[in-house]
There are 2 protein chains.
Amino acid sequence: MVKNADPLAALRIETPPATLREMALERMRNAIIRGLFEPGSRLIERTLCEQLGVSRSVIREVIRHLEAEGLVEMLAKQGPIVARLEWDDARQIYEIRAALEATAVADCARVADEKVKAELRKSLSELDRTSQQNSPLGILDATTSFYRTIFHAGGHTIAWDIVSRLNSRISRLRVMTLSTPNRTTSGPNQIREIFARIEKNEPEAAAAACRAHVKAAAEIAESIIGADGT
Amino acid sequence: MVKNADPLAALRIETPPATLREMALERMRNAIIRGLFEPGSRLIERTLCEQLGVSRSVIREVIRHLEAEGLVEMLAKQGPIVARLEWDDARQIYEIRAALEATAVADCARVADEKVKAELRKSLSELDRTSQQNSPLGILDATTSFYRTIFHAGGHTIAWDIVSRLNSRISRLRVMTLSTPNRTTSGPNQIREIFARIEKNEPEAAAAACRAHVKAAAEIAESIIGADGT
DNA sequence: GCTCGTATGTTGGTATACCATCGGACAGAA
DNA sequence: TTCTGTCCGATGGTATACCAACATACGAGC
């Protein structure tokens, strides 16, 4: 009975996470988030089969998953389309984000040790790099990594799942928001402010900075979406 | 071009929402929420096929959906099982609920008109009836309907989706919580308190009452789960 | 010319077939 | 008795086949 002795744990052969379905899910989700498909455009199952090189069973199961995530809508008698985003939905999403992120940031500021702060600094430098390159997608990734650290530091794994999912629904909006001229500098500055408060372990101030950040993003988003109606 | 003239809207033939998949999804979700399957128990696809009278394709797509909802977990090389619930997850869920429900309740208290209040009263009387019958499932339904009204009144449809989904993940816990001896009376009393504040349009007080309600539920849940480790 | 009916192709819904892998039972050897 | 090798049933992963419903195009009839 030498089972699961800790020193032997390293021997474990990790199961390849490679079912076709999981790979296809990853690809599809990314494709939608990255904006490869227009919102409202139809997702023809057989076409996707060819594009991804898998069978319809796989595609259909992936679509079910994305449907539950809110990235795909089903039109009765017509099939799946890339989910459209009403401004009212986006507004709600920003509100929920503000609530959850502020809580997470505050908790993070309470417990953050040097290790967490170091990780956050790393994300920040990545943020600097990508924002100098004016790369919205890069900024998005860096911001995501910043917040992921914050949520996990405070033990808010479920809230992080929710926020991630909400973010993927407004990803297009976020990219447009980030492409706004002065946003390229103001966004990172606000995030730096959040970090500064976390660094000093000031929960309330950090949460306030976080709310301000989300609010600013929401306002830019509204001006964009109000203008073009997408 | 007489399309969509309002008076004619009633003529529209509603699409029967009846694809096998949707029906199966509903049944399966309910079965899990109602506790017909033990958490951790395996969901054998072919068995479910027979039980529901549909093919594996349908079952598998439903499982994909439930997986994304967090009601089902996939074990590599073993297949789907009913999701288990760690106390830490439940704790997080109660936290998130407290945040979202308090916000919704406050907003509802701001905008609630007589119509909303009447609806809430209806749910309350249903709550009375079911709690006198000592019917946990009935109490759950009435509570759900109470909160649904609140969330929709304040326009928080997305938050409602999230809360519903979270609640389904802790449904077993909720039922156990409601079965706690004094909970049968204390729960409804707290909800009545929330309503009283909404009725008087006192947002802050309503939110506070709501937080107290969720907190109490969480504490009972912790005592239960701490005791039996389920 | 306009309208309606019909044919056809596209598409999603559903069922089934095939395969690799895993787990346990069983048997044989040390 | 215990360990080990093998077999077989169970199970999920994947692919394919079939069907009904819808959309479009086209043609007949007014």
Quick one: does A/M28's side chain get under 4.5 Å of A/L52's, heavy atoms only? yes
Examine the side chains of [X] and [Y] and answer whether a donor and an acceptor come within less than 3.5 Å of each other.
{"X": "A/S145", "Y": "A/S123", "result": "yes"}
{"X": "A/E69", "Y": "A/S168", "result": "no"}
{"X": "B/H65", "Y": "B/E61", "result": "no"}

In the 5'-to-3' direction, what one-character label does each nucleotide of nucleotides 12-19 of chain C receive under the scheme B = base within less than 4.0 Å of a protein heavy atom, S = sugar-phosphate only, - = no such atom? BBBBBBB-
Is the CZ atom of A/R27 crowded by more than 12 outside heavy atoms at less than 6.0 Å? no
If you look at every heavy atom in [X] and [Y], which pair is closest and at what distance?
{"X": "B/A24", "Y": "B/V58", "value": "CB-CG1, 4.0 Å"}
{"X": "A/V72", "Y": "A/L43", "value": "CG2-CD1, 3.7 Å"}
{"X": "A/Y94", "Y": "A/A221", "value": "OH-CB, 3.6 Å"}

Atom CD of A/E50 and atom C1' of C/dT10 are separated, to the nearest Å, by 13 Å
Measure from CG on A/L75 to P on C/dT11 and round the result to the nearest Å. 15 Å
Nucleotides 6-8 of chain D: which of its N/O atoms have a protein N/O under 3.5 Å away?
none

